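Structure, as structure tokens:
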Amino acid sequence: MSSHPVAETVASLMPRARTELSELVAFKSVADFDQFPKSESEGAANWVADALRTEGFQDVAPLDTPDGTQSVYGFLPGPEGAKTVLLYAHYDVQPPLDEAAWTSPPFELTERDGRWYGRGAADCKGGVIMHLLALRALKANGGVPVHVKVIAEGSEEQGTGGLERYAEEHPDLLAADTIVIGDTGNFRVGLPTVTSTLRGMTLVRVQIDTLEGNLHSGQFGGAAPDALSALIRVLDSLRAKDGSTTVDGLAAHATWEGLVYDEQQFRKDAKVLDGVELIGSDAVADRIWARPAVTVLGIDCPPVVGATPSVQAGARALVSLRVPPGVDAAEATTLLQAHLEAHTPWGARVRTEQIGQGQPFSADTTSPAYTAMADAMAVAYPGQEMQYAGQGGSIPLCNTLAALYPQAEILLIGLSEPEAQIHALNESVSPEELERLSVAEALFLQNYAGN
């Protein structure tokens with residue numbers, strides 16, 4: 001770490017940062033209120049609001065967004081005539097999956113082997129703490145040189161679009177010269193990275209029905225059309241033999257120009273079992289950053305335990321399609337639905353329903369803000385040059401903000417490097433990354449103010 005005064009200040013603040021992240025992680029703020037109480041999300045929102053007020057933010061308020069969740073907003077005025085920077089993070093988290101399978105409780109921040117474990121530690125409650133650390137470091141070293149807006153979203157993981165709709169209805173609220181999205185991550189620990197592209201996504205539910213009711217497989221199997229078998233055939237049609245995504249009419253041959261992702265490193269990052277092949281063809285970066293990718297997220301069918309010898313009358317699945325930059329997510333949705341319907345065998349009845357969508361995003365990496373961030377990261381990560389990477393995940397808000405504020409520069413940084421295992425069991429954050437990225441963000445604000 002650099003000996004820069006800002007870096008020294010951030011280092012002194014890390015014990016406080018751990019305490020605060022522990023408090024924030026303790027809220028079970030999953031924005032699916034069928035699974036977790038709404039009070040948990042409201043508690044996290046209030047925690048963020050109180051933290052902003054403590055730092056001198058004005059107009060702090062939990063905003064009631066159209067999807068029934070709250071996003072927390074605050075404004076910290078800077079010097080007269082200064083630029084305005086919007087800092088984004090989200091306090092909602094993915095469900096913990098099987099809590100018993102975690103090495104330590106998912107909502108109890110636990111230090112182990114130099115990392116802090118807990119759901120949301122990296123994605124993205126750690127991003128909230130990163131913003132606070134950067135601002136505190138600036139206050140201790142001459143003051144915050146720009147106007148700062150903070151927005152902490154409450155339903156990013158659900159993809160329900162509450163904040164996007166709210167921003168569209170209140171277009172002046174989040175207006176800024178530059179927007180820092182604190183919800184991506186470094187390519188690997190210790191390698192400073194900005195994310196220059198995001199894949200969009202669509203979610204489609206497909207229902208297949210063949211019979212009025214289940215039938216005895218001994219009496220009717222062999223002639224009665226099995227809805228589950230039909231669904232399996234439909235889902236299999238979404239992949240070529242090598243595992244590449246194949247949706248009729250959807251381009252799938254783009255290439256990635258930028259950071260190279262070594263195949264062996266990817267196998268290690270993804271924890272692929274020995275002897276199991278990767279799917280797709282060409283460079284790994286092409287497959288995960290520049291091309292569409294389909295994933296079957298869930299299937300409704302009888303579980304193995306308790307299954308009866310029956311021909312299934314109906315079955316359904318939830319299908320995710322990641323959409324690369326250059327492809328319209330709405331068009332991709334139409335193509336996916338048409339493909340599912342066209343590949344349904346035996347005249348089975350098929351019904352598709354879109355339940356979520358977000359557009360892909362591509363940033364302008366030639367802007368002054370990127371130069372300011374590159375210089376900041378060079379100090380926070382001595383001897384390292386800032387890298388540009390893609391991101392297979394989606395942040396639909398980026399496109400909303402880009403459309404609302406076409407002149408704004410958008411940068412994506414964050415704490416979700418491969419070891420963080422976001423969305424999986426045993427999610428964790430590297431405190432060293434939290435420290436270095438907080439320094440980088442603080443120095444970026446100083447550099448950007450001086451441009």
Side-chain angles (χ1 to χ4, degrees), residues 28 30-37 94-103 106 119 157-160 201-248 270-277 279 293-322 333 335-357 423-426:
K28 301 177 180 180
V30 178
D32 179 350
F33 305 137
D34 291 331
Q35 294 189 64
F36 289 85
Q94 284 283 339
L97 305 173
D98 181 0
E99 293 195 35
W102 283 63
T103 303
R119 176 57 92 219
E157 298 292 7
Q158 297 300 315
T160 46
M201 59 88 70
T202 185
L203 285 175
V204 171
R205 185 183 291 132
V206 53
Q207 171 80 42
I208 292 181
D209 296 293
T210 56
L211 305 165
E212 291 184 3
N214 288 359
L215 299 172
H216 188 286
S217 61
Q219 186 175 1
F220 294 98
D226 181 339
L228 179 54
S229 295
L231 177 63
I232 290 169
R233 286 207 170 184
V234 172
L235 299 179
D236 183 60
S237 75
L238 292 168
R239 294 193 182 279
K241 187 176 181 180
D242 67 0
S244 300
T245 293
T246 53
V247 175
D248 295 343
K271 296 179 171 56
V272 180
L273 299 178
D274 289 345
V276 178
E277 300 175 3
I279 61 173
V294 71
T295 305
V296 179
L297 301 184
I299 299 178
D300 285 341
C301 61
V304 172
V305 176
T308 61
S310 301
V311 178
Q312 298 300 311
R316 68 175 183 167
L318 182 62
V319 177
S320 163
L321 178 65
R322 298 289 177 168
T333 301
L335 292 172
L336 175 59
Q337 290 179 291
H339 179 106
L340 293 169
E341 292 163 7
H343 287 264
T344 299
W346 316 322
R349 296 181 184 179
V350 57
R351 184 171 70 253
T352 62
E353 177 188 7
Q354 179 195 335
I355 61 171
Q357 180 182 287
H423 296 197
L425 299 176
N426 297 316

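Since this is a predicted model, take the numbers as computed values, not measurements. Position 1 is the first residue of the sequence, and the numbers go up from there.
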Practice task
List the steps, then state whether side-chain contact (heavy atoms from CB on, under 4.5 Å) holds for T344 with V206.
Solution key: CA-CA 10 Å; T344 299; V206 53; 5.7 Å; no
Practice task
Could you give me the CA-CA distance, side-chain angles and deciding distance for L425 and T103, then say whether side-chain contact (heavy atoms from CB on, under 4.5 Å) is met?
Solution key: CA-CA 9 Å; L425 299 176; T103 303; over 6 Å; no
Fill in the blank from the handout: Closest heavy-atom pair, L215 versus F220, reported as atoms and distance to 0.1 Å, is CB-CD1, 3.7 Å
Exercise for the section: Taking all heavy atoms of N214 and all of S310, pick out the closest pair and write down the distance. Expected result: CB-CB, 4.3 Å
Practice task
To the nearest 0.5 Å, tell me how far T245 OG1 sits from R322 CZ.
Solution key: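 Rounded to the nearest 0.5 Å, the OG1-CZ separation comes out at 12.0 Å.
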Practice task
Quick one: list whatever passes salt bridge (Lys or Arg N to Asp or Glu O under 4.0 Å) with E353, sequence neighbours left out.
Solution key: R205
Exercise for the section: Verify the neighbour count for atom CD of E212: are there more than 12 heavy atoms of other residues, nucleotides or ligands below 6.0 Å? Expected result: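 At most 12 heavy atoms, drawn from other residues, nucleotides or ligands, come within 6.0 Å of this atom.
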Exercise for the section: Apply side chain to side chain donor-acceptor pair (under 3.5 Å) to T333 and list each qualifying residue two or more places apart in sequence or on a separate chain. Expected result: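 So T333 forms a side chain to side chain donor-acceptor pair (under 3.5 Å) with T202, Q357.
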Exercise for the section: Only counting residues at least two apart or in another chain, list the ones meeting side chain to side chain donor-acceptor pair (under 3.5 Å) with Q207. Expected result: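 In terms of side chain to side chain donor-acceptor pair (under 3.5 Å), with neighbours along the sequence ignored, Q207 is linked to D209.
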Fill in the blank from the handout: Result for side-chain contact (heavy atoms from CB on, under 4.5 Å) between V247 and one of V319, L340, L238 points to L238
Exercise for the section: Return each pair, listed once, that meets salt bridge (Lys or Arg N to Asp or Glu O under 4.0 Å) where at least one residue sits in residues 308-319; pairs must be two or more places apart or across chains. Expected result: D300-R316
Exercise for the section: Among residues two or more places apart or on two chains, list those pairs meeting side-chain hydrogen bond (donor to acceptor under 3.5 Å, both in side chains) that have a residue in residues 222-232. Expected result: D226-S229
Exercise for the section: Just grab all the side-chain hydrogen bond (donor to acceptor under 3.5 Å, both in side chains) pairs involving residues 230-239, residues at least two apart or on different chains. Expected result: S237-H339
Problem - Backbone N/O of T210 and side chain of W346: donor-acceptor pair under 3.5 Å - result: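 Pair absent, no side-chain N/O of W346 close to backbone of T210.
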